[in-house]
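Some notes on the structure that comes next.
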Amino acid sequence: MKLTLPDGDELEVEEGKRVIDIAYDIGPGLGDATVGATLDGELLDLRDEVVEEGEFKIITLDSPQAVEIIRHTASHVLAQAVKSLYDDVKLAIGPAIEDGFYYDFDLPETLSEEDFDEIRDEMRKIVEEEYEIERFALDPGKAREHLLEQDEEYKLELVEEFVSEGEEEVTFYRQDGFTDLCEGPHLRNTGQLEHFELLDVAGAYWRGDENNVMLQRVYGTAFAEEKELQEYIERQEEAKERDHRKLGPELDLFTFHPEVGPGLVYWHPKGTEMLNVIKDFWRSKHREDGYEFVSTPHIGKSDLWKKSGHLDYFREDMFPPMRESNQEYFLKPMNCPFHVQIYQSRTRSYRDLPLRWAELGTVYRHERSGVLHGLLRARGFTQDDAHIIATPDQVKEEVTGVLNLTFDILSAFGFEDYQIALSTKPEKSVGDEVKWDKATEALKEAIVDLDLDYDVEEGEGAFYGPKIDVHLEDALGRLWQTTTVQFDFNLPERFDMTYMGSDGQEHRPYMIHRALLGTLERFFGILVEHYKGAFPVWLSPLQAVVLPVTEDNNEYAEEVAGKIAESGIRVEARTDVDENLSRQIHEAQLEKIPYMLVVGDREEESGEVSLRLRTEEDLGPRPLDEFIDFAKEKIRDKALI
RNA sequence: GCCGGCGUAGCUCAGCGGUAGAGCGGCUGAUUCGUAAUCAGUUAGUCGGUGGUUCGAAUCCACUCGCCGGCUCCA
């Protein structure tokens with residue numbers, strides 16, 4: 001059997017030889033350093049037997065793929081430590097995850113972060129002992145026996161599942177006296193786990209199902225190098241500093257008032273200014289793209305929500321109704337049924353289609369209390385909503401139009417990296433197969449036409465139609481869901497929407513529901529975190545501030561600010577404070593105002609302003625008109641600064 | 001909704017059974033100053049809410065509201 005090595009050489013090995021033995025054949029040094037391998041990109045344990053040919057690559061501690069193995073072993077070391085420190089510990093699962101690892105435990109004692117020092121010390125001991133990690137396989141009967149003996153009820157449940165899936169044996173890993181049912185891969189020796197940290201303890205349902213018992217999950221992370229671990233911790237701190245829930249109130253953009261109602265946003269003047277800039281831009285882009293705007297009420301009678309299906313499928317996410325006469329009114333959790341009313345207000349012809357109706361519609365949803373998260377998950381929010389009602393022939397072009405508009409708008413805000421997911425028909429769905437196929441095809445073709453990468457999420461569509469979701473990547477590489485483009489086969493049926501075709505027959509239109517920014521609130525929150533509050537000039541609530549050197553320059557400062565304001569730039573003269581220049585600059589810096597204009601006697605004499613940027617660059621004096629042109633150009637180009 | 005942690009001045013936090021504290025901020029005054037915090041004085045709170053234990057509760061207990069981190073759900 002032949003394996004292709006990374007340098008292109010072919011290595012002749014006997015079938016069934018273990019990864020580690022192959023590594024020693026290549027070289028003893030390599031053998032000592034081996035923690036696993038990949039075969040055609042697939043991760044292998046160092047104890048695995050290689051039975052197929054392919055591209056073979058040994059993983060050592062400094063390989064990028066090693067981190068997954070390191071973390072998996074870290075979770076076992078954690079489990080061993082917890083088991084040795086506490087009584088009656090039952091193990092659930094303990095995988096490596098994107099940023100680290102966790103282990104879920106069931107134990108009578110409640111763990112808290114105060115216990116981390118002790119657990120960490122115990123883990124260190126296990127690492128220092130350099131226990132050899134061994135693997136062994138058992139048939140289901142022996143495995144059950146072994147787990148029963150250890151009273152590991154959760155692991156037993158897992159074994160039953162593996163057996164029902166047809167597994168004939170299950171693997172265990174052992175280090176010191178500790179054994180765990182586990183697929184691996186793992187390091188060779190606990191001593192190879194050097195750089196780890198415990199991060200958090202939280203509740204987690206067994207198997208992720210809220211009907212099951214809640215376990216205690218300990219989160220941690222581990223890296224091959226201490227430096228990487230430190231960088232990770234710094235990145236977490238950086239994320240904390242960018243938190244929109246902290247920056248929003250600090251920059252006087254918005255606040256929450258939980259005593260009045262959790263999850264409801266209060267927009268301050270500066271936040272509202274910014275919001276208006278976003279809305280104006282959004283409206284002009286939509287107008288250019290042939291959208292019309294509609295406005296609809298905030299409440300509607302229960303009959304409407306019954307007919308739309310919301311009371312059957314969405315009721316627990318809706319605020320309880322208010323009563324008027326013998327009627328119940330509900331706050332709208334979505335705009336769609338209202339847009340359908342407008343459609344139904346007269347008969348529609350194929351000549352009218354496509355209709356593109358947009359509304360910055362504020363909706364209210366009674367989100368479960370534990371899920372609220374500042375602007376990113378609120379109970380009242382404004383969707384940048386639109387419904388496109390089209391004939392079957394128009395569907396593909398409409399989707400393409402939506403995607404083009406999406407990326408046009410998102411890139412204007414400085415987002416260039418996206419992840420796109422196409423979600424297809426789930427098991428439970430409405431609408432016939434033909435429609436699903438056509439709509440899914442339209443979505444896919446639109447993505448392909450634009451030459452975009454995407455993932456298919458099979459069966460993840462809504463019950464009423466397939467969809468495209470866009471996640472955008474921010475400055476820290478985090479992903480946020482914003483855009484969604486969804487077909488809806490439910491509402492046209494329920495409301496019996498029709499249009500008169502050229503054949504004189506009534507036809508059912510396609511309905512596309514789309515939100516590009518997602519919601520203004522969430523998008524705003526993402527902007528705050530992405531820019532850390534230092535917004536591009538066109539978005540900054542205050543674009544320039546005029547700072548007099550002494551009180552004698554106040555009059556000139558006001559004059560300068562007046563002229564700048566006339567050109568449409570948002571500006572303020574700081575003439576009502578008695579502070580020295582350094583102090584004023586300090587404060588303007590904290591407010592993250594893009595342009596600081598220093599005016600003293602020198603500037604007053606020459607009719608100039610001295611320009612300092614919030615990036616701390618001092619660009620020196622220039623005529624006022626020159627600054628105005630400079631700023632207008634930056635605003636027009638949507639430049640950062 | 002569930003698990004855990006936490007609610008003290010506008011903000012950040014100390015105090016953890018014996019008369020509520022600091023720094024920043026705010027206010028007042030002095031200073032008139034050239035690119036990230038001038039100096040001085042002063043103002044600060046039903047210690048989230050309700051009930052209980054106690055001679056006495058910010059501190060201990062119960063309930064409740066809210067926030068934070070997860071889980072589940074989601075724009």
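Protein chains get the first letters and strands the later ones, always in sequence-line order, with residue 1 at the start of each. Only a predicted model underlies this, so the values are computations on that prediction, with no experimental measurement involved.
For residues 458-479 of chain A, the pairs satisfying ring pair (Phe, Tyr, Trp, His ring centres under 6.0 Å) are A:Tyr313-A:Phe463, with sequence neighbours left out. Residue pairs satisfying the salt bridge (charged side-chain N to carboxylate O under 4.0 Å, His left out) criterion with at least one member in residues 476-490 of chain A, sequence neighbours excluded, are listed as follows: A:Asp474-A:Arg478, A:Arg478-A:Glu529. Listed by first and then second residue, the salt bridge (charged side-chain N to carboxylate O under 4.0 Å, His left out) pairs involving residues 546-558 of chain A amount to none (not counting sequence neighbours). Pairs of residues two or more places apart, or lying in two chains, that qualify as side chain to side chain donor-acceptor pair (under 3.5 Å) and include a residue from residues 404-423 of chain A are A:Lys285-A:Asp408. Within the structure, every pair that satisfies the side chain to side chain donor-acceptor pair (under 3.5 Å) test and touches residues 247-258 of chain A, not counting sequence neighbours, is listed here: A:Asp252-A:His268, A:Thr255-A:His257, A:Thr255-A:His268.
With a cut-off of 3.5 Å on both pairing distances, the Watson-Crick or G-U wobble partner of B:G21 is B:C13. Across all strands shown, B:C2 pairs with B:G70; the Watson-Crick or G-U wobble distances both stay below 3.5 Å. Pairing for B:C60 is with B:G52, a Watson-Crick or G-U wobble pair whose two hydrogen-bonding atom distances lie under 3.5 Å. Judged by Watson-Crick or G-U wobble contacts below 3.5 Å, the nucleotide B:A40 has B:U28 as its partner. Within the shown strands, B:C65 is the pairing partner of B:G7 under the Watson-Crick or G-U definition, both distances less than 3.5 Å.
Rounded to the nearest Å, the gap between the C1' atom of B:U42 and that of B:C61 is 40 Å. As rounded to the nearest Å, B:G21 and B:U28 have P atoms that lie 26 Å from one another. Taking atom C1' on both nucleotides, B:U72 is separated from B:A14 by 38 Å, rounded to a whole Å. The same atom, C1', is picked in B:G41 and in B:U50; the two are 41 Å apart, to the nearest Å. Rounded to the nearest Å, the gap between the C1' atom of B:U46 and that of B:A58 is 11 Å. Separating the C1' atom of B:G18 from that of B:G56 is a span of 7 Å, rounded to the nearest Å. Going from the C1' atom of B:C60 to that of B:C3 covers 24 Å, rounded to whole Å. When the P atom is used for both B:G10 and B:G26, the distance is 14 Å, rounded to whole Å.
If you measure from atom OH of A:Tyr595 to atom C1' of B:A36, you get 20 Å, rounded to the nearest angstrom. For A:Leu215 and B:C3, the CG to P distance is 13 Å, given to the nearest whole Å. The CZ atom of A:Arg602 sits 19 Å away from the P atom of B:U32 (whole-angstrom rounding). Atom-to-atom, CG of A:Leu251 to P of B:C11 comes out at 16 Å; the value is rounded to the nearest Å. The CD atom of A:Glu579 sits 13 Å away from the P atom of B:U28 (whole-angstrom rounding). Rounded to whole angstrom, the span from the CD atom of A:Gln589 across to the C1' atom of B:A36 amounts to 6 Å. In this structure, A:Phe105 atom CZ and B:G4 atom P are separated by 17 Å, rounded to whole Å. For A:Leu590 and B:A36, the CG to C1' distance is 8 Å, given to the nearest whole Å.
With sequence neighbours excluded, the residues forming a ring pair (Phe, Tyr, Trp, His ring centres under 6.0 Å) with A:His387 are A:His339, A:His513, listed by chain and number. In this structure A:Tyr205 satisfies the ring pair (Phe, Tyr, Trp, His ring centres under 6.0 Å) test with no other residue, sequence neighbours excluded. Annotation: ring pair (Phe, Tyr, Trp, His ring centres under 6.0 Å) contacts of A:Tyr219 (sequence neighbours excluded): A:Tyr102. With sequence neighbours left out, the ring pair (Phe, Tyr, Trp, His ring centres under 6.0 Å) criterion links A:Phe524 to A:Trp267.
Ring centroids of A:Phe413 and A:Phe523 are separated by less than 6.0 Å, placing the two rings close together. Under the 6.0 Å cut-off for aromatic ring centres, A:Trp206 and A:Phe105 do not qualify, their centroids lying 6.0 Å or more apart.
Listed by residue number, the members of residues 404-418 of chain A with any heavy atom below 4.0 angstrom from RNA chain B form an empty set.
Both A:Val549 and A:His586 lie close to RNA chain B; mapped to their nearest nucleotides by heavy-atom distance, the more 5′-ward contact belongs to A:Val549. Remark on RNA chain B: of its neighbouring residues A:Asp552 and A:Ser112, the 5'-side contact belongs to A:Ser112, judged by nearest-heavy-atom nucleotide.
Side chains of A:Glu359 and A:Ser295: a donor-acceptor N/O pair is absent below 3.5 angstrom, by distance only.
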message = So if I define the base as every atom that isn't primed, P, OP1 or OP2, how would nucleotides 60-75 of chain B read as a B/S/- string at a heavy-atom cutoff under 4.0 Å?
response = ------SSSBBBBBBB

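The aromatic rings of A:Phe319 and A:Tyr364 stand perpendicular to each other, their planes meeting at an angle above 60°, with 30° marking the opposite boundary.
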Scan nucleotides 22-25 of chain B against the protein and return all N/O pairs shorter than 3.5 Å with their distances rounded to 0.1 Å.
| residue | atom | partner | partner atom | Å |
| --- | --- | --- | --- | --- |
| B:G25 | OP1 | A:Arg583 | NH2 | 2.4 |

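Using a 4.0 Å heavy-atom cutoff across all strands shown, A:Glu617 reaches no nucleic acid atom at all.
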